[in-house]
Amino acid sequence: MKLNQLLERLQYEVVQGTDEIEITTLANDSRKIETGSVFVCIRGAVVDGHELVTDVAEKGASAVIVEKDVKAPKEMTVIRVNDTRYALALMSAAYFGYPAEKLKIIGITGTKGKTTTTYMIKSILENVGHKVGLIGTIEAVIGEKKIPAANTTPESFTIHQYFAEMVEAGCDSVVMEVSSQGLMLHRTAGIPFEIGIFTNLGKDHIGPNEHKDFDDYKRCKGLLFKQCRIGIANVDDQYFKDVFEGATCKTETFGFSEKADLRAVDTHLVSRPGYLGVAYHVSGLMEFEVEIDIPGIFSVYNSLTAIAVCRHFGVPSDVIQKALKTAKVKGRIEMVKVSDDFTLMIDYAHNAMSLESLLTTLREYDPTRLVCLFGCGGNRSRDRRYEMGEVSGRLADLTIITSDNPRFEEPKDIIADIKTGIERTDGKYVEICDRKEAIRYAIEHGQPGDVIVLAGKGHEDYQEIKGVKYPMDERVLIQEVLEELR
């Protein structure tokens, strides 16, 4: 492939050499350079690719893409662009033969609800014969292949590589989580989204390596609605209008509000021993009854989003009803049957905001006791531990403090910080450092009508200690405990 073919959708300047050269591979990781590669110099948080030009030249790279002046060997082609991250996205699309243009792509952005909603949409569309790829926080799914995720929205090269594999696997559509970070760093630049979705906005991801302030966070979320054909938004969210300011797409809304194009009415909680759910009537653009096996009002929002998308694919209401009844997401309010007397679930809530949302939701079901088991990750903000301890102390009847991913810290030091937070409340707690023993305690002491939530690990199937990830899946631990108790 000629270099100018990779650059065909970009404005660029040939600083040195020629854009007519043949290229073997495209890379933005200097470790992946081969003879004849073109290397895109990205300014990262740790390394600036512009400082690696000599290194990649020695490894055989024929060309570099830069956004500032560099010293390069005279036999190397140097191409200058305004923004190398944006260039990488458009070059990646060209490199893989523009696979996004062969797929209907649904992008979901928002602070909460992205993961669950992607799985709901995938489940419904597959029930009517679509073959759907998925890219998200937990994994990428391509046919039968599942690839664990490193980022919610991968680097642009990886996204187009996945799209190409999806086309090869016979997929006709893709549902993907689009993070504000991914939008800000142009990872999704140039993707022709069929549908863009806005779930909600909370004050998260503000910090030195993320967004400089809340306005920047809102602005980045809004970028999705300048590159999709149809935008579907939660009209109840207070920031909906801010996010859609300057949107160029056709807009539809969902929510509880009378103004919503697709709205939930007659919502009621469904509760029986070992089971929590929610039911409502869909009104507006479609009319039918819905029951979901995932508790809480946010489940109504997630399912309304999925319904709004699937309406555009012409999915009949009876298929949507059946698919929503069975849609499950690993580690997101995932109920695990252990008793006819009480309810036990696993959830990924791993910060104060998500834990508060989860426990407040479960409180609405009026359990005999609400029991919360959690730990906090090591080498992360200590404030998170105090905050999560305080939230659990305030909202749970009993907190079981245990270990999460201690990383390079001592579990007992992390537990001490959590206790500092809990002790600001009147909440009862026990501390059991070993997570399996903590789960055993929760199950052995479960009382009729209890709701027990194991928080923080969710879909993770490992525990990270001193730089090593050891296998640890809470579903496996629960089964081991049940067998030992028998």
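When a residue number appears, it is its place in the shown sequence, counting from 1.
No donor-acceptor distance shorter than 3.5 angstrom exists from the side chain of Y301 to the backbone of F256, with no hydrogens or angles considered. Panel note: side chain S357, backbone M353; no donor-acceptor pair is recorded below 3.5 Å. Using modelled atom types, one side-chain atom of Q227 and one backbone atom of I191 make a donor-acceptor pair closer than 3.5 Å. Using a distance-only test at 3.5 Å, with no hydrogens or angles considered, a donor-acceptor pair links the side chain of D237 to the main chain of L201. Judged purely by atom type and a 3.5 angstrom limit, T399 has no side-chain atom pairing as donor or acceptor with the backbone of I401. Without hydrogens or angle criteria, Y162 side chain to L134 main chain gives no donor-acceptor distance under 3.5 Å. Side-chain N or O atoms of D341 include none that pairs as donor or acceptor with a backbone N or O of P448 at under 3.5 Å. Counting only distance, with no hydrogens or angles, the side chain of N405 and the backbone of R407 share no donor-acceptor pair below 3.5 Å.
The side-chain tip of K104 points at the ring of F313 from less than 6.0 angstrom away and within 45° of straight on. Relative to the ring axis of F374, K457 does not place its NZ or CZ within 45° and under 6.0 Å from the centre. For the pair R9 and Y98, the cation-pi test (distance below 6.0 Å, angle within 45°) is passed.
Within the 6.0 Å centre-distance limit, the rings of F157 and Y95 are counted as a close aromatic pair.
At a cut-off of 3.5 Å, with distance as the only test, no side-chain donor of H350 or R384 sits close to an acceptor on the other residue. Q181 and N151 share no side-chain donor-acceptor pair at under 3.5 Å. T368 and D450 share no donor-acceptor pair across their side chains, judged by distance under 3.5 Å alone.
Using a 4.0 Å cut-off between charged side-chain N and carboxylate O, D397 and R363 make a salt bridge. A salt bridge between K330 and E334 is absent, with no side-chain N of the basic residue lying under 4.0 Å from a carboxylate O of the acidic one. A salt bridge links E437 with R440: the distance from a Lys NZ or Arg NE/NH1/NH2 to an Asp or Glu carboxylate oxygen falls below 4.0 Å. The pair E245-K218 does not count as a salt bridge, with every side-chain nitrogen at least 4.0 angstrom from each carboxylate oxygen.
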Next item on the list: Go through the steps for E252 and H312 under the test side chain to side chain donor-acceptor pair (under 3.5 Å), then give the verdict.
Entry: CA-CA 11 Å; E252 284 178 15; H312 284 281; 2.9 Å; yes
Next item on the list: Go through the steps to decide whether M388 and I418 satisfy the test side-chain contact (heavy atoms from CB on, under 4.5 Å), and finish with yes or no.
Entry: CA-CA 7 Å; M388 286 182 75; I418 296 170; over 6 Å; no
Next item on the list: Please assess T115 against E177 for the test side-chain contact (heavy atoms from CB on, under 4.5 Å), listing each intermediate value before the final yes or no.
Entry: CA-CA 7 Å; T115 303; E177 294 183 50; 2.9 Å; yes
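Once rounded to the nearest 0.5 Å, the distance linking CG of L358 with SG of C372 reads 7.5 Å.
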